[in-house]
2 protein chains.
Amino acid sequence: MKQVTIYDIASEAGVSVATVSRVLNNTAPVKASTRSKIMKLIKQHQFQPNALARSLLKKETGTIGVIVPDITNPFFPEVFSGIDHEARGKGFTFFLCNTHGEYERESQYLHILREKQVDGIIFMGGRINLTKCTPELVEEVAETAARIPLVLVNGNLPGTELHRVATDEGKGAAMATQYLIEQGHRDIAYIAGMSTTTTSAQKLRAFKRVMNQNNLDVPKERVLYGDFTMEAGERLMDEILRAPERPTAVLCVNDFTAVGAIKTAIKAGLSIPNDMTIVGFDDIPLASSIFPELTTVKQQMDQLGSQAFQVLHKLIMKEKVKRLTVIEPELVVRESSRELTP
Amino acid sequence: MKQVTIYDIASEAGVSVATVSRVLNNTAPVKASTRSKIMKLIKQHQFQPNALARSLLKKETGTIGVIVPDITNPFFPEVFSGIDHEARGKGFTFFLCNTHGEYERESQYLHILREKQVDGIIFMGGRINLTKCTPELVEEVAETAARIPLVLVNGNLPGTELHRVATDEGKGAAMATQYLIEQGHRDIAYIAGMSTTTTSAQKLRAFKRVMNQNNLDVPKERVLYGDFTMEAGERLMDEILRAPERPTAVLCVNDFTAVGAIKTAIKAGLSIPNDMTIVGFDDIPLASSIFPELTTVKQQMDQLGSQAFQVLHKLIMKEKVKRLTVIEPELVVRESSRELTP
DNA sequence: AGCACGAATGAAACCGTTTTAATTCCAGGT
DNA sequence: ACCTGGAATTAAAACGGTTTCATTCGTGCT
């Protein structure tokens, strides 16, 4: 079944392709009678212009690439949804590229997206979020960004000057810490992620800073390193409970970890928040689905997405736009935390 | 910054574009010396062939469209992940199209995907899952499927002969019902979704059938209709608890509803599963994240995805493939259910 | 009748590849 | 020295649109 082309329409209407193109994009006046004749044929043959041919010539595809480490992690669909919502009506379509955080895949997708002539790229997570990033990726991304508008979400590539939008995670962690202290907590543990990720490092730094500002010490054994998963949360909470002295509050690097922590705490017979306050980070949907609902620091993921798209769109339109957009975190107090009454 | 084309490479190497094309795709022998000369120039200029031009000619894009109602619903990322995993290495890229289940958006995306000449389409959820689907959509999808390989996931369009892969939801509901009965439950409530969706209708039918087969009655007030959300689960459980007699078990149309139900049950002072058994459907990640962990009927979402891609791929390759692929559900017994001891 | 002018249309170039058919090159056989 | 045949290469067409520039058409004015 051969595709119907603009030539078929033109010849059947007894006009030139230029005229058909004109009624298609109404880019120039066409006599009413010929216009309607052409329109009728278009309907009749269900003619659809071939976007490849158009894009080849116009040098724009109306397509943008979104690179995520793991679409299965609820964080990313939320951001994607923000992007989508913002882009709606502007006529863009999205390539979703799932990298599993592997350098090879990230690099490969960058390559593919360039070949497919996307108008822009939104790059999140994965390698972009390491304190020490592989120089190959840095170069690869920088090179891509030199050719195609590109924005980084919640990440950074040291040594480059890329556009990015990010939550102020340090501030979020500071807010949470401050909140815990105001609630009377003095002995607070922090369940971190891999120390090689900026996310985790930033938050830890902020946590320690606020503690120190309040003349509170952070002994080594009060910082535990996991890998952002629920299992890590379970395991590390187990470790915390095994220690001779139990902290009154635990701050977690993300919600998954916090949920894991709550699970083992409850299994160990504790009542949350009565026996222990647990605070997460991100506010993924899960946070408000569990019982007790999680007190957490909300990253406005939809904002992250919509801002990222806005920045990208300006880049595409060659408008001026600032390099860094920061999204403010918000403390969301729910049921997993309470004031410490001695 | 103009794009480097195959012409630039060719002229600089002093050969014709055909030769460059040949080393690119090694589609014909090229003398070693010229090959290496060309390769060097390609590296040097970082030349990347323009996929649009290639696709225009070859009539294949290596791109497939995935249409989902809501990427924020964890069900769909899981399926997507299955698709992605299966497709990995086969060199496909995916357009992710988020429709919010609106007919207009679905139709629009179908249009766009055709224009962009995708090699195939995987269509899930939304309107496809209604017992009475709008005839416009039916026609639109059928027409698209006539031109482009297309597979439906967990849905159907009555009156059409489309390829589809789906979980046997009726069987799943039957399994769950049977399990509850075997555990000694006699008074079982069912929290449904909108009665207009096939998902909900199928399950309800199976539930009633199995109950009847066991000589159990399903009074009208034991079937409550919601809209698949957690809030619906909360509200309907509230209604259940307000009734004079309380069922010993509640079967829910999906996990969200079940989690909502558990939440209000716990808030009302019940202990789950001691005071009431609650069973979900789907086994989204949330199901094993909450406390108590949810007993549920697992839809193998990764299977759904990978099978859908396999079918699609065969369609694209013009291989023969059967119209319907069914994925078996599995009962996953966790903590929210227990045997009824009188 | 002749002219000017804007509106409508057409011819052809162009976008960046792949591929077919034709051509050149070159070594080996006579 | 000439022919042959396969290997390497090229020229040009094709893919399906958009756009520039030129041309035709029709109308109102002198």
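Residue numbering restarts at 1 for every chain, and letters A, B, ... go by the order of the sequence lines.
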Which residues, if any, of residues 18-34 of chain A bring a heavy atom under 4.0 Å of DNA chain C? A:A18, A:T19, A:R22, A:P29, A:V30, A:K31, A:T34

Return the 5'-most residue of the pair A:L52, B:G14 with respect to DNA chain D, ranking by each residue's nearest nucleotide. B:G14

Return the nearest nucleotide to the side chain of [X]; candidates are [options].
{"X": "B:L56", "options": "D:dT18, D:dG16, D:dT10", "result": "D:dG16"}
{"X": "A:R54", "options": "D:dT10, D:dG17, D:dT19", "result": "D:dG17"}
{"X": "B:L57", "options": "D:dC15, D:dT10, D:dG17", "result": "D:dC15"}
{"X": "B:V17", "options": "D:dA12, D:dG17, D:dT10", "result": "D:dA12"}

Do side-chain atoms of [X] reach the backbone of [Y] as a donor and acceptor pair under 3.5 angstrom?
{"X": "A:D70", "Y": "A:H100", "answer": "no"}
{"X": "B:S55", "Y": "B:E60", "answer": "yes"}
{"X": "A:T61", "Y": "A:Q117", "answer": "yes"}

Base, sugar-phosphate, or nothing for B:Q48, non-hydrogen atoms under 4.0 angstrom? sugar-phosphate

If we only count heavy atoms from C-beta on, is the [X] to [Y] side-chain gap below 4.5 Å?
{"X": "B:F76", "Y": "A:P77", "value": "no"}
{"X": "A:V4", "Y": "A:Q46", "value": "no"}
{"X": "B:K116", "Y": "B:T63", "value": "no"}
{"X": "A:N156", "Y": "A:R164", "value": "yes"}
{"X": "A:E78", "Y": "A:D302", "value": "no"}

Would B:T144 and B:R114 count as a side chain to side chain donor-acceptor pair (under 3.5 Å) here? Give the steps. CA-CA 8 Å; B:T144 302; B:R114 276 184 321 234; 2.5 Å; yes

Decide yes or no on ring pair (Phe, Tyr, Trp, His ring centres under 6.0 Å) for B:F94 and B:F80, but give the supporting numbers first. CA-CA 10 Å; B:F94 299 92; B:F80 186 91; 5.7 Å; yes

Taken to the nearest whole Å, NZ/B:K116 to C1'/D:dG16 is 15 Å

Rounded distance in Å - NZ (B:K59) to C1' (D:dG17): 12 Å

Determine whether B:F309 and B:F92 satisfy the following criterion, ring pair (Phe, Tyr, Trp, His ring centres under 6.0 Å), listing intermediate values before the conclusion. CA-CA 11 Å; B:F309 181 79; B:F92 283 89; 5.6 Å; yes

Roughly how bent is the helix from C:dA1-D:dT30 to C:dT30-D:dA1 end to end, in steps of 10 degrees, with each end axis from five pairs? 60°

Start and end of chain A contact along DNA chain C [non-hydrogen atoms, under 4.0 Å]: C:dA8 to C:dG16

